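Have a look at the structure below, then the notes.
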Number of protein chains: 2
Amino acid sequence: MNKATSLLRRHSLQGEASLVQPENVYSRIRDDIIKGHIPADSRLKIRDLAARYGVSTNPIREALQQLRGEGFVIITPNRGARIRPIDEIFLRDTNEIELLLEPYLTRCFAEAVTINHIKQLEAIQDEIEALKFLNLDRHYELDTCFHWLMYEMHPNRQILDMWCKYRGVLGAVTSRFPITIGRQSAVIEEHRAVIACLKIHDAAGAEAVIRRHVSGSGRHMIQQLRAAKLFL
Amino acid sequence: MNKATSLLRRHSLQGEASLVQPENVYSRIRDDIIKGHIPADSRLKIRDLAARYGVSTNPIREALQQLRGEGFVIITPNRGARIRPIDEIFLRDTNEIELLLEPYLTRCFAEAVTINHIKQLEAIQDEIEALKFLNLDRHYELDTCFHWLMYEMHPNRQILDMWCKYRGVLGAVTSRFPITIGRQSAVIEEHRAVIACLKIHDAAGAEAVIRRHVSGSGRHMIQQLRAAKLFL
DNA sequence: AGTTGAATTATGTTACAACATATGTCAACT
DNA sequence: AGTTGACATATGTTGTAACATAATTCAACT
């Protein structure tokens with residue numbers, strides 16, 4: 001296991017929001033939702049799913065509960081679960097939540113940053129730039145690591161848990177899209193900019209950069225979704 | 001059913017974050033956690049709980065999953081669930097999340113507010129002031145209604161769901177505490193202040209007032225927790 | 001259109017197997 | 001004697017299966 005993933009695994013909060021998932025039923029269903037293998041808005045019948053994934057009903061029930069918690073399915077009492085379509089609205093809503101969390105977490109980090117942190121961030125950023133987006137999975141890992149390094153020290157574990165959750169959601173969705181050249185250079189520029197702000201202890205500046213960063217990420221994502229006309 | 005609760009029930013999002021719960025196993029366990037009937041940090045054994053609440057294991061499993069989603073219990077794979085102690089840290093963390101959500105939602109509302117909304121808010125506020133905190137449950141209902149009126153129109157259902165969730169958590173906890181005189185007048189003053197800001201279309205002002213409002217609510221809560229020395 | 005009734009599905013129950021973790025026991029060792 | 005580590009046992013979680021009940025769907029029928 002490489003440095004980035006071990007870092008993540010070590011800090012994963014409850015197994016639920018772990019950023020490196022095992023291949024359990026939950027993530028298989030999630031994948032099928034994201035990749036559109038199950039028609040949007042269709043009913044998720046427990047017995048069908050149990051047959052489909054070759055497990056009994058209990059793991060399915062649990063998985064559906066988790067998926068509800070992450071907004072992928074909508075459960076109505078006595079009426080079962082339906083898929084929440086992964087559309088523009090879903091991405092916008094999720095991005096809006098990240099836009100609430102990340103700038104705040106960044107500001108908190110900026111106010112407590114040490115020289116050692118900055119060195120680590122620069123090391124990760126060097127790796128990111130060296131990779132040149134040639135391996136998207138690896139890039140996603142490194143990018144997550146970059147952000148996590150800033151947030152992990154925040155004392156509020158509930159917020160961190162939320163961040164992991166929504167980060168995972170967006171990551172799962174966007175991992176199916178390419179990254180445009182324009183977005184690539186923006187990502188690098190923004191990461192460097194936030195490091196620069198941290199160096200001069202400019203918390204407000206760092207916060208603003210991350211707001212721009214997340215916002216741009218959301219716009220890019222939605223743009224890519226539109227480009228791939230299908231529902232996903 | 002009165003106006004306030006029907007309003008809430010109508011807009012409850014998935015049954016999960018409903019602000020008026022039925023008496024299912026989930027809420028009974030939650031109550032027992034909040035009221036301290038189960039010692040903090042103790043293991044929640046599925047068999048024991050099933051026996052305690054007179055149901056079989058499956059509903060318990062689901063309830064624990066839900067409680068995990070709301071931060072009340074911590075589940076470790078193959079090692080079961082433990083209670084998350086309802087302590088100062090828990091309240092602070094939860095309040096911090098509200099502090100991220102509510103000012104943002106308020107600002108969004110302030111930018112789209114109509115004269116009709118303001119009239120409704122004033123009507124609720126009149127009721128609140130007429131009640132004079134003589135019936136805390138009713139007060140909580142009205143207060144929730146006041147805030148919900150501002151937020152319900154926001155298009156991001158995920159954020160609203162989160163708000164309902166954390167609102168419910170804090171409500172469940174604080175409903176066991178009295179409200180100090182000082183806090184009572186602060187609540188009224190702050191509600192009036194936000195209405196005043198809305199009238200002059202001062203979104204930033206409304207946001208600031210709500211930030212102060214939520215922040216004060218959190219401080220009051222923690223203070224009351226300290227006063228009641230017990231773990232809860 | 002509205003009603004009725006059968007089929008479907010969710011939800012809850014029970015029993016049990018498989019697996020992981022924690023606990024206790026015991027012998028070898030310092 | 002006390003400590004350490006391997007082993008066995010106990011406890012509890014997780015997954016499976018078959019079944020009962022209650023609610024919802026849906027189609028046939030006035």
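Letters go in sequence order (proteins before strands), and every chain restarts at 1. Here the structure is a predicted model, which means the values were calculated and not measured. The figures that follow rest on heavy atoms only: side chains count, while hydrogens, waters and symmetry mates do not.
In the set D:dG12, C:dA10, C:dG12, C:dA10 carries the atom at the smallest distance from any side-chain atom of A:Lys45. Distances from the side chain of B:Thr57 to the nucleotides D:dT24, C:dT14, C:dT9 place C:dT14 closest. Of the candidate nucleotides D:dG15, C:dT14, C:dT21, C:dT21 has the atom nearest to the side chain of B:Arg79.
A salt bridge does not link B:Arg61 to A:Glu62: none of the charged nitrogens lies less than 4.0 Å from a carboxylate oxygen. Of the charged side-chain nitrogens involved, at least one lies within less than 4.0 Å of a carboxylate oxygen, so that B:Arg138 and B:Glu127 count as a salt-bridged pair.
When only modelled atom types and interatomic distance are considered, B:Arg68 and B:Gln65 share a side-chain donor-acceptor pair under 3.5 Å.
One N or O donor and one acceptor, one from the side chain of B:Arg61 and one from the base of D:dG15, sit under 3.5 Å apart.
The CG atom of A:Leu44 sits 17 Å away from the C1' atom of D:dT25 (whole-angstrom rounding). Rounded to an integer number of Å, the gap from CZ of A:Arg47 to P of C:dT9 is 7 Å. Distance, B:Asn58 CG to D:dA20 P: 17 Å, rounded to whole Å. Put simply, CD1 on A:Ile60 is 16 Å from C1' on C:dT11, counting in whole angstrom units. Rounded to whole Å, the distance from OH on A:Tyr53 to P on D:dT14 is 21 Å. Remark: C1' of C:dT11 and OH of B:Tyr26 are 19 Å apart, rounded to the nearest angstrom. Spacing between atom CG of B:Leu64 and atom P of C:dG12 amounts to 14 Å, rounded to whole angstrom units. Atom CD1 of A:Ile46 and atom P of D:dA18 are 17 Å apart (whole Å).
Using a 30° and 60° split on the angle between ring planes, B:Phe133 and B:His139 fall in the tilted class, from 30° to 60°.
For the pair B:Arg43 and A:Pro59, both in contact range of DNA chain D, the more 5′-proximal nearest nucleotide belongs to B:Arg43.
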